[in-house]
Amino acid sequence: MTWRRAQMVLLSAQGMPVAKIADVTFTSADRVRDVIHNFNADGFDSLYPKYKGGRPKTFTLPERREVKKIAKSRPVEHGLPFSTWSLAKPADFLVAEGVVDDISHEGLRILLREEGVTFQRLRRSDDLTLSAARPVSPSVGCSPGTRCTPISRSWTTETSGLGWPSAVS
């Protein structure tokens, strides 16, 4: 952590011995010596870590752009026999087209979320009397008095068989 390295350097500048700095910062004396040595050699730049941790990103910027472009297009534009994308379909398509070597649907979901692309859409009730009688709420996309539930990554409105909203439990 940056503040811990800065604390080690500050305590050293105040004349505290390395063993005491190690006790105060809950680290080893060797680590304290490394931090002080790096600070003496590189200055304040040594306080900021040069690593980010975790696995590096596996997709280049051109690959990310192509993935985003394909995700925002319609499957029929690519000669595919379906009208909408799911997460598995574009993942398979991207690998088949050679855009990426391999991508899971979860990896695709994360990449698209980072790029600001979502696949959620609204499915409304088939009951015309309910849709015609009540205005659609712009905040949720469901008619007031109905219960909206997530079903297969999209929203649908539940109604009872009589055209009235089902009871919300």
Side-chain angles (χ1 to χ4, degrees), residues 1-6 31 34-35 38-39 41-169:
M1 292 184 221
T2 302
W3 64 271
R4 184 147 307 168
R5 285 189 290 275
R31 174 78 178 128
D34 286 341
V35 169
N38 290 340
F39 182 80
D42 300 330
F44 286 101
D45 289 338
S46 69
L47 298 179
Y48 301 100
K50 293 171 182 52
Y51 58 89
K52 298 290 183 189
R55 182 177 177 194
K57 295 192 181 223
T58 55
F59 301 107
T60 63
L61 185 60
E63 287 174 335
R64 294 174 80 86
R65 287 181 181 154
E66 186 66 19
V67 167
K68 184 177 179 179
K69 185 177 102 177
I70 289 172
K72 292 178 88 174
S73 67
R74 299 185 53 87
V76 293
E77 295 172 14
H78 303 283
L80 299 173
F82 38 87
S83 60
T84 59
W85 291 115
S86 65
L87 280 173
K89 290 175 185 175
D92 293 340
F93 179 75
L94 291 165
V95 172
E97 290 293 308
V99 175
V100 294
D101 293 331
D102 188 33
I103 189 168
S104 66
H105 70 275
E106 181 64 15
L108 178 63
R109 184 187 66 78
I110 292 168
L111 187 148
L112 292 175
R113 184 181 344 139
E114 289 171 355
E115 295 294 324
V117 178
T118 61
F119 280 111
Q120 295 180 352
R121 66 181 181 88
L122 181 68
R123 278 192 273 163
R124 300 190 200 283
S125 171
D126 292 332
D127 184 4
L128 297 177
T129 59
L130 180 63
S131 299
R134 299 180 184 195
V136 176
S137 170
S139 61
V140 178
C142 298
S143 300
T146 60
R147 178 177 160 194
C148 294
T149 57
I151 295 182
S152 68
R153 302 197 59 80
S154 61
W155 291 90
T156 183
T157 305
E158 292 182 6
T159 58
S160 64
L162 300 173
W164 293 99
S166 58
V168 177
S169 47

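Source: prediction; values computed, not measured.
- In this structure, OG1 in Thr60 is found 9.5 Å from CZ in Arg65, a value given to the nearest 0.5 Å.
- For Phe44, the ring pair (Phe, Tyr, Trp, His ring centres under 6.0 Å) partners are Phe39, not counting sequence neighbours.
- In this structure, CG in Leu112 is found 10.5 Å from NZ in Lys72, a value given to the nearest 0.5 Å.
- Among all heavy-atom pairs drawn from Lys89 and Phe82, the shortest one is CD-CE1, 3.5 Å.
- To the nearest 0.5 angstrom, Glu106 atom CD is 11.5 Å from Leu111 atom CG.
- Here the shortest heavy-atom pairing between Leu94 and Leu108 reads CD1-CD1, 4.0 Å.
- In this structure Glu77 satisfies the salt bridge (charged side-chain N to carboxylate O under 4.0 Å, His left out) test with no other residue, sequence neighbours excluded.
- By the side-chain hydrogen bond (donor to acceptor under 3.5 Å, both in side chains) test, Glu115 is found to be paired with Arg64, residues two or more places apart in sequence or in another chain being considered.
- Of all heavy-atom pairs spanning Ser83 and Pro75, the tightest one is O-CD, 3.6 Å.
- The line from CD of Glu63 to NZ of Lys68 is 16.0 Å long, rounded to the nearest 0.5 Å.
- Residues Tyr48 and Asp42 form no side-chain contact, since every pair of their non-hydrogen atoms from C-beta on lies 4.5 Å or further apart.
- Between Phe93 and Ile70 the shortest side-chain heavy-atom distance falls below 4.5 Å.
- In this view, Glu97 satisfies the salt bridge (charged side-chain N to carboxylate O under 4.0 Å, His left out) rule with no residue, not counting sequence neighbours.
- Under the rule for a side-chain hydrogen bond (donor to acceptor under 3.5 Å, both in side chains), Ser104 has no partner lying at least two apart in sequence or in another chain.
- The shortest distance between side-chain heavy atoms of Asp101 and Val95 does not fall below 4.5 Å.
- Scanning for side-chain hydrogen bond (donor to acceptor under 3.5 Å, both in side chains) contacts around His78 gives Ser73, with sequence neighbours left out.
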